[in-house]
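Each chain gets a letter, A, B and so on, in the order the sequences are listed, and its residues count up from 1.
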Amino acid sequence: MTASVFFGCTFIAFGPAIALFLFTIARDPLRVIFLIAGAFFWLCSLLLSSLVWFITVQISDKESASQQKGLLIFGVVLSVLLQETFRFGYYKLLKKANEGLLTLSAEETMPISIRQLAYVSGLGFGFMSGAFSMVNILADSIGPGTIGIHGDSQHYFLSSAFMTMAVILLHMFWGVVFFDSCEKQHWWSLAVVVISHLLVSCLTFQNPQYVGSLVPTYIIMFFMGLWAFFCAGGSLRNLKLCLTCKDKDFLLANHRPR
Amino acid sequence: MGLESSKWVIIFLVCWLYKNVSCNSVEQKIYVVLNNTVPCVRLLNATHQIGCQSSISGDTGVIHFLESEADLEWPLSKGPNPPYMVVLESSLFTRSIMMKMKNESSRVAGVAVVIPNTSPPEFSPHTTCPNENTGVYSDNYGPNLAHCNSTVWNPLGNGLSYEEFDFPVFSLNEDNETELIKQCYFDHNRAVNGSAPQYPLCAMQLFSHMHAVTNTPTCMRRNNINYSINPEMVCDPLSDNNVWGSIRPYNDTVFGHKENESVVIAAARLDSRAFFWEVSTGAEGSISGFVTLLAAAQALREVTHEAPPTRNILFAFFQGEAFDYIGSSRMVYDMEKGKFVIDLDNVHSILEIGQVAVHSGTNLFLHSDPVSRRNNTVNDEITNLVKNLQSSTAGLSFLLVEPGVSQPLPPSSLQRFLRARPIPGIVIADHKSAFNNRYYESFYDNAANLNLTYPSNLSPEEQLEFVTDTAKSLTDVATLVARALYKQAGGDESKVNTIKADPKIVTQMLYGFLVSSNNSWFQAMMSPDLQDILKPSPPQYYVGVAMSSTPTRLVQYLLANFTGAATNLTQSQCQKPDELPNESRQMYSYLWVQGIVPPNSTQRDSFCVRASVRLTRAISPAFELGEYASKDYSTWTESRWKFIKARIFLVASRDLEMLTLGVGVAVLFTFLLLTYFVSSKADVLFSSAREPASAAY
């Protein structure tokens, strides 16, 4: 539409991710590296799934709309499965790298824990996924026009931005839960992560009924966020302590090397 | 497979993938690109700029279909969502409406004119007095005749083509795209019961940013600024080529005065213009004249071989006459400077064919210049020429009349010759004083203006051959012109009545120039390399800035076919005829033409035509001399531009946009605060006492 819509949608979609990056990742070069590597892994998974989808589309009958829709659904499901596979692959790689890093570094403890790696890799996945979802749309939102001349809904840009924000945060939460369940060998929680990812992606087929896709996605995001909070070591007690500002006493009382 | 072949496989795969990718992007959901639009571009002369200009990133406006002149107050004052893009029907494309919009141009983003398929009763965007400053009449020469003081040639002219607009003006055809625009307007932009229409509104964006400003001296100066290896040109002079051919050939390398050579020039103009760029047909304005002259040239071919006249006849077709006589002023300049094969002393008399197709009665008029006729010699010559003309009308369907009053010459190339020398000359036209042409230099001056109608059940090839009434009347004019020229050139009187123009050739030319240039006859007459200039629509007659436009090429080849001779040369000999003993490139030009397809074969019978037909450069002498502010010569230039396009889309309200920005900033700040809070307390928040033995931290 114009520059104001461009900036508005950019901030909505990438605001949380930028805030997280600025405050938690930017200071530590090791985290930056792992973030970028995570993004790269997501990119590889997308490349592979798009290659498969493209070949199947070329083989298929281009005229039949139902076949194309079916192929799109197939493509989405395949992409989700590949993304989770690559997340697992990244986890394996990080475990191996961690052992190597430990032998190389002079200190006794690991420079970065697996929990932090889970968060960073999830955010990396989220960044790349958000970029691919949103950059194309942002580029067109700078022009003077808005969607609608062919009868589509006018709220495309806004709902895409909100969806992208949800997906970025979801990727981060999924990363944390995924790595934690791999560590603890809780395969059922792994399956829940994959299923929730599939659910969120398939919810987008509800578009242009944006309410039908956004509201459930935000509900899922809230619950995943809670689960990730608990997986990452949070608890209600800690939350209450923080909020009532009794944390300093707690730290002193529970001081132990981590 | 080695490394080499696998590299090729990868390259092939990438190229195949690239070719097959189709773009189903967001852009297609937003914008509908309008393809069949024609812009109005900027032209500059020594003192002014005319035409239209858009801003560099296009002009966007809310679409408003104008219903009447009173409705103008909506876009100009009452409407709540300026700026507006005003869409006009052609009946509302008048001077008063355009001037009102020009004065209030802060609220007008642009104008789109819908051109209908049927013409309005009259419309001429040209001035009332065409080429008034570069003709022969001035304060020194016939001051009471100058500036149309005695006869207004184009009274219907509203001068819109010569106004300057600082918003873009585009033309739309009546087709599916315009239907889409109307649908969008009725769905979104209609004011319901006087209240303002709700957002989102349908809007149009026009891009036609012109690089040149102010006038020709400024833009030519800017052309010559050499900041880099590729200097950025901002304008180009209007130029093309003139076509000339003669009965007896001239050596193309010997210029200047030829002893004992007396030439009768038969002239016609080739070009025309309209308000919008390039869309100009000029049926009555120029085609009627040059088609007649071509037919006369063809009629004279036989008799001039059998009984050659004493004087030579030179057929001249001038380009750029609509823009202050570019072609004819250049030829006169070349003759004066001795850069043409003859010079002005060799010219005996001039017969020009003006607009001859729209008759109001059975008369044709012979215009002459009263000021030069005050000289007795000139007057005698002109009287002689009139006598030759009038005695050639035997058996033809009209009468030739001289306009009784002491009236100036209409705008014609003859005026430029008279500026140099008082040469006896006549202009044949169908109008006594004001033009009969109600669409002079407009996009409505097309086949319908000439009443060129074909019976409905004919195929294109049959239409090509069908002899229309217009063709018959132009054939008579051509016969007249041919006979008069032969007599004027001192030919054998007994042979005059054998000169007859061929109506079939005239009707084929009218079809090719006014309906469809890609027909079998034109294809046969043209060279195989130039086949792609033939299109299913008629050619455009705007002079342009390129070397040789389609009409120039067509006329060159037609004149060569009509006045030249077919030879036995092969294609390679045709390109290098100097190797043969009897052929000379200096005397003739050799053109390889495609020829017809004989009935029982598929190969064309191509052959080499030898004709004394040449092209000479038609660019104003002002650019040769570097006098860009010249008052004597044409100084017209056309601006350059990067791209021209038009598109429609919906626009959202400013409030919604600001709300989006506000929400975005709020989300960003919220998350910045939240993240700061969480990350500063991370030690506490994520320190849950879990001591699993197997977990690796």
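Within the model, atoms OG1 of A:T146 and CD of B:E657 stand 8.5 Å from one another, a figure rounded to the nearest 0.5 Å. Separation of atoms NE2 (A:H155) and OG1 (B:T660) is listed at 9.0 Å; rounding is to 0.5 Å. The structure places CD of B:E27 at 11.0 Å from CD1 of A:I147, a figure rounded to the nearest 0.5 Å. Between the CG atom in A:L239 and the NZ atom in B:K681 there is a gap of 11.5 Å [rounded to 0.5 Å]. Note: B:C184 SG to A:H150 NE2 = 9.5 Å, rounded to the nearest 0.5 Å. A distance of 11.5 Å separates CD1 in A:I149 from CZ in B:R647, rounded to the nearest 0.5 Å.
Checked against side-chain hydrogen bond (donor to acceptor under 3.5 Å, both in side chains), B:T178 has the following partners two or more places apart in sequence or in another chain: B:D175. Here B:S106 pairs with nothing under the side-chain hydrogen bond (donor to acceptor under 3.5 Å, both in side chains) rule; sequence neighbours left out.
When all heavy atoms of A:F23 and B:S679 are compared, the pair lying nearest together is CB-OG, 4.1 Å. Annotation for A:P144 and B:F649: closest pair CG-CZ, 3.6 Å, computed over non-hydrogen atoms. Taking every heavy atom of both residues into account, A:I137 and B:V26 meet most closely at CG1-CG2, 4.0 Å.
Residue with the most contacts toward chain B among A:L20, A:I18, A:T24: A:L20 (heavy-atom pairs, distance under 4.5 Å). Most heavy-atom pairs under 4.5 Å with chain B: of the set A:Y156, A:F7, A:F229, A:F14, this distinction falls to A:F229. Between chain B and the residues A:G15, A:G151, A:A19, the most heavy-atom pairs under 4.5 angstrom are made by A:A19. With chain A as partner, the option from B:I30, B:L659, B:V663 having the largest number of non-hydrogen pairs under 4.5 angstrom is B:I30. For the set A:A13, A:P16, A:C9, the count of heavy-atom pairs under 4.5 angstrom toward chain B peaks at A:P16.
Of the two parts of A:L169, only the side chain, counted from C-beta on, holds a non-hydrogen atom closer than 4.5 Å to a non-hydrogen atom of chain B. For chain B, no part of A:F21 is nearby; none of its heavy atoms comes within less than 4.5 Å. With a 4.5 angstrom heavy-atom cutoff, A:L22 touches chain B only via side-chain atoms.
Within residues 665-675 of chain B, the residues approaching chain A closer than 4.5 Å by heavy atoms are, in numerical order, B:V665, B:V667, B:L668, B:F671, B:L672, B:T675.
Applying the 6.0 Å contact sphere to CD of A:Q68 captures more than 12 heavy atoms from other residues, nucleotides or ligands. By the neighbour-count criterion of 12 heavy atoms within 6.0 Å, atom CZ of B:F677 is densely surrounded, having more than that number from other residues, nucleotides or ligands. Counting heavy atoms of neighbouring residues, nucleotides and ligands inside a 6.0 Å radius, atom CG of A:L93 exceeds 12 of them.
Evaluation of the salt bridge (charged side-chain N to carboxylate O under 4.0 Å, His left out) test over residues 156-171 of chain A, restricted to residues two or more places apart or in two chains, returns none.
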